Structure formats: C-alpha cells, structure tokens
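Only one structure is covered here, and it is reproduced in the block below.
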Amino acid sequence: NSRWSLAGMTALVTGGTRGIGYAVVEELAELGAAIHTCSRNEPELNQRLQEWSGKGFTVTGSVCDLTSRPQRQQLLEKAASVFNGKLNILINNVGTNIRKPTTEYTAEEYSALMATNLEASYHMCQLAHPLLKASGVGSIVFISSVAGSIHITSGSIYGATKGAINQLTKNLACEWAKDNIRTNSVAPWYTRTSLVEHLLSNEEFLGRVVSRTPMRRVGEANEVSSLVAFLCLPAASYITGQTIAVDGGFSVNGF
Ligand code: NDP
C-alpha cells in the first residue's frame with residue numbers, strides 16, 4: 001500500500017552515523033527511500049555506508065560539519081546532484097548540548113549551541129526549500145526535545161534552541177503549505193545514544209530520570225525514528241506544524 005511506503009522518495013538526514021539519526025536512516029531505508037546523510041567523522045561514515053549497502057539500502061553520504069555555512073551549501077549541492085534536484089524529505093537531526101548553570105555559560109558556548117541546534121537547521125531548510133518544492137511532495141522533520149517546552153535541567157541554551165525549533169516548525173508549516181511541504185517536530189525525552197551515554201551510565205541520574213517517567217524506562221533510538229518515518233509517509237499527509245513527544249509519558253506526568 002503506497003500510503004505506508006516511501007518507495008521512490010529521496011531523503012536528506014543530518015547526522016546519520018549514530019543515535020537517533022542512524023535509526024532514522026535505517027527506518028526510512030526500510031520503507032524504500034533513497035537517503036543521503038552526513039557526519040564529521042569520515043571513517044565512521046564510510047563504515048556505516050558499507051553496512052547499509054550490505055543490507056541492500058540505498059544510502060550515500062558526505063563528510064560535513066553542519067556548523068559551517070559553506071559546508072552546508074556543499075552538502076545540499078551534493079544531495080541535489082545525487083537526487084537530480086528533487087528532495088522529498090529533510091530530517092534536521094544534528095544537535096548537541098553543554099550542561100551548565102545559566103550564569104556559567106561563555107559567549108563561545110552560547111554561539112556554538114545556537115549554531116549547531118538552531119542556525120544549521122534553519123539554513124538547511126532555506127537551502128533545501130527549492131528541492132523540496134521541486135519534488136512536488138515535501139516533508140521536513142526536526143528532532144527537537146521535550147526540553148523545548150519543559151525545564152529538564154539540561155541547560156537553558158539547549159532549551160531555548162529547541163523551543164525555537166518548535167516555533168519554526170509552525171512558521172514553516174504555514175509558510176510552505178502552498179508548496180506542498182509539511183513541517184513537523186519530534187520531541188524525545190531521554191533516549192539511549194552516544195549524546196547522553198555519560199548521563200545514563202550514572203545510576204543515580206538514571207534513577208531520577210526513570211522515576212519521573214510513567215513507563216519507568218528511557219527510550220530507544222528506534223522508538224523515535226518510527227514517528228519520524230510516520231510523519232514523512234503519505235499516510236501523514238494532513239499533519240503539519242506539530243511537535244509530538246516520544247517520552248514514555250514524561251511530559252504529561254504532573255505528579
Ligand atoms: P548523537 O550525539 O548520539 O549523534 C549525533 C549524530 O550527529 C552523529 O552521527 C554525529 O556524528 C552527528 N553530528 C553531530 N554534530 C555534527 C555536526 N556539527 N555536523 C555534522 N554531523 C554532526 O546524538 P543523538 O542521536 O542523541 O541526538 C540527535 C538529536 O536528538 C539531537 O538534535 C538531540 O538534541 C536530540 N535529542 C536527543 C535526546 C537523547 O536523549 N539522546 C533527547 C532529546 C533530543 P559526528 O559527531 O561524527 O559528526
């Protein structure tokens with residue numbers, strides 16, 4: 001059934017070598033999409049591309065530091081040539097964090113978090129817009145966080161970048177609806193990836209996280225990627241401007 005397939009579609013996934021981005025590449029590929037991804041680490045990227053090719057997935061990749069404006073432009077040029085100028089799906093996944101009390105952040109840390117988590121995704125949307133429009137059916141998904149709508153002691157800059165992503169989701173959904181581009185966000189709570197390994201391996205911290213989570217466990221990357229994939233499917237054709245949590249009930253748990 002073509003409503004539940006991405007066969008024939010093209011996708012650009014940022015940061016596909018580990019964690020949530022990796023799970024998204026696999027999920028979209030299993031549904032039939034051709035994918036271009038990127039990361040900063042060339043050996044790891046090549047290793048992943050080889051594994052995916054072995055699984056029969058159509059995945060290409062570029063080494064790209066997404067905080068660099070010229071490198072973002074090169075990434076889009078590459079994707080445009082691989083996909084003949086047509087892109088159905090853009091997944092803005094790359095994001096990072098530095099955890100500190102607000103009074104301790106330096107100007108450099110502020111700029112670095114803003115650049116990675118907000119500016120890079122914003123510019124990727126600008127660059128991808130003509131390709132998404134040219135494809136006739138476009139879908140953008142941001143990987144936000146529950147930190148974009150709730151204080152979770154992950155640091156105020158991270159929260160501000162993710163809150164901005166949630167609003168950007170609404171603006172682009174309305175502005176680009178006429179181009180048949182839908183825009184949504186997925187907001188995870190703690191998910192087992194390399195980004196938070198150091199936190200979740202601390203038993204005391206993990207215990208506090210789990211005690212606030214009705215489902216009494218953290219999430220897995222493939223529990224986030226399944227929603228990302230759904231939002232890109234023809235089956236989701238009337239869903240736009242939404243931020244949906246994948247959080248085991250955390251964000252609705254008042255007590
Ligand atoms: P990981 O750190 O595990 O993976 C990040 C991926 O992005 C890697 O492939 C990494 O490769 C790549 N990447 C990182 N920085 C850059 C960069 N500047 N340029 C290009 N590629 C880059 O992160 P997660 O999978 O955990 O996080 C993905 C998204 O999910 C982020 O936006 C994060 O904020 C969000 N999120 C994660 C949660 C969690 O608990 N894990 C919870 C809520 C939201 P490399 O480093 O080699 O470049």
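Atoms within each ligand, like the ligands themselves, are counted from 1 in listed order. It should be emphasised that the depicted structure is a prediction, and the values quoted were computed from it without experimental measurement.
When hydrogens are left out, the protein atom nearest atom 33 (C) of ligand 1 is Y158 OH, 3.6 Å; that is the closest non-hydrogen contact. Regarding atom 43 (C) of ligand 1, its nearest protein heavy-atom neighbour is P188 O, 3.3 Å. Of all protein heavy atoms, the one closest to atom 4 (O) of ligand 1 is R18 O, 3.9 Å. Scanning the protein for heavy atoms near atom 26 (O) of ligand 1, the closest one is T193 OG1, 2.5 Å. At the top of the distance list for atom 40 (O) of ligand 1, counting protein heavy atoms only, stands T191 N, 2.8 Å. Summary of contacts: the protein heavy atom closest to atom 23 (O) of ligand 1 is L195 CB, 3.5 Å. Protein heavy atom in closest approach to atom 7 (O) of ligand 1: G15 CA, 3.3 Å. The protein heavy atom nearest to atom 13 (N) of ligand 1 is V94 CG2, 3.7 Å.
Within ligand 1, the atoms closer than 4.0 Å to a non-hydrogen atom of I20 are 25 (O), 30 (O), 37 (C), numbered from 1 in the order shown. Close contacts of ligand 1 with S145, meaning ligand atoms under 4.0 Å from a residue heavy atom, involve 43 (C), 44 (C). Near I143, with a cut-off below 4.0 Å to any heavy atom, the atoms of ligand 1 are 29 (C), 30 (O), 32 (O), 35 (C). Close contacts between ligand 1 and T17 involve ligand atoms 8 (C), 9 (O), 11 (O) [criterion: under 4.0 Å to a heavy atom]. Taking a cut-off of under 4.0 Å to the non-hydrogen atoms of D65, the atoms of ligand 1 that pass are 17 (C), 18 (N), 19 (N). In the vicinity of C64, heavy-atom distances shorter than 4.0 Å reach the ligand 1 atoms 19 (N), 20 (C). Every atom of ligand 1 with a heavy atom of Y190 under 4.0 Å away is listed here by number and element: 40 (O). Taking every non-hydrogen atom of W189 and a distance limit under 4.0 Å, the qualifying atoms of ligand 1 come out as 40 (O), 42 (C).
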Would you please test W189 and T213 for side chain to side chain donor-acceptor pair (under 3.5 Å) and show each step? CA-CA 9 Å; W189 169 231; T213 310; 2.8 Å; yes
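Contact annotation for S144 and ligand 1: only backbone heavy atoms (N, CA, C, O) come within less than 4.0 Å of the ligand. With a 4.0 Å heavy-atom cut-off, ligand 1 is reached by the backbone of N93 and by its side chain too.
The shortest N or O to N or O distance between G21 and ligand 1 is not below 3.5 Å. Distances between N or O atoms of L66 and those of ligand 1 include at least one value under 3.5 Å. Residue contacts with ligand 1: R40 is placed with a nitrogen or oxygen under 3.5 Å of a nitrogen or oxygen of the ligand (distance criterion only). An N or O contact shorter than 3.5 Å links K162 to ligand 1 by distance.
For K133, the salt bridge (charged side-chain N to carboxylate O under 4.0 Å, His left out) test picks out D179, with sequence neighbours left out.
Within the 4.0 Å cut-off (strictly below), a protein heavy atom is located near atom 28 (C) of ligand 1.
Distance alone, capped at 3.5 Å, is enough to place a donor-acceptor pair between the S68 side chain and the Q71 backbone. The backbone N or O of A221 lies less than 3.5 Å from no partner atom in the side chain of T191, so there is not a single donor-acceptor pair. Checked by atom type and distance alone, the side chain of R99 never pairs as donor or acceptor with a backbone atom of G155 at under 3.5 Å. In terms of modelled atom types and a separation under 3.5 Å, the side chain of N180 and the main chain of G138 share no donor-acceptor contact.
Surrounding CD of E42 are at most 12 heavy atoms belonging to other residues, nucleotides or ligands under 6.0 Å away. Atom OH of Y110 is surrounded by 12 or fewer heavy atoms from other residues, nucleotides or ligands within 6.0 Å. Annotation: Y122, atom OH; neighbour count of heavy atoms from other residues, nucleotides and ligands within 6.0 Å does not exceed 12.
A distance below 6.0 Å separates the ring centres of Y190 and F205.
Side chain to side chain, Q50 and N46 fail the donor-acceptor criterion of an N or O pair below 3.5 Å. Defined by atom type and a distance below 3.5 Å, a donor-acceptor pair is missing between the side-chain atoms of Q73 and E77. Between the side chains of T14 and N93, no donor N or O sits under 3.5 Å from an acceptor N or O.
Cation-pi geometry between R48 and Y22 is satisfied (NZ or CZ under 6.0 Å from the ring centre, within 45° of the ring normal).
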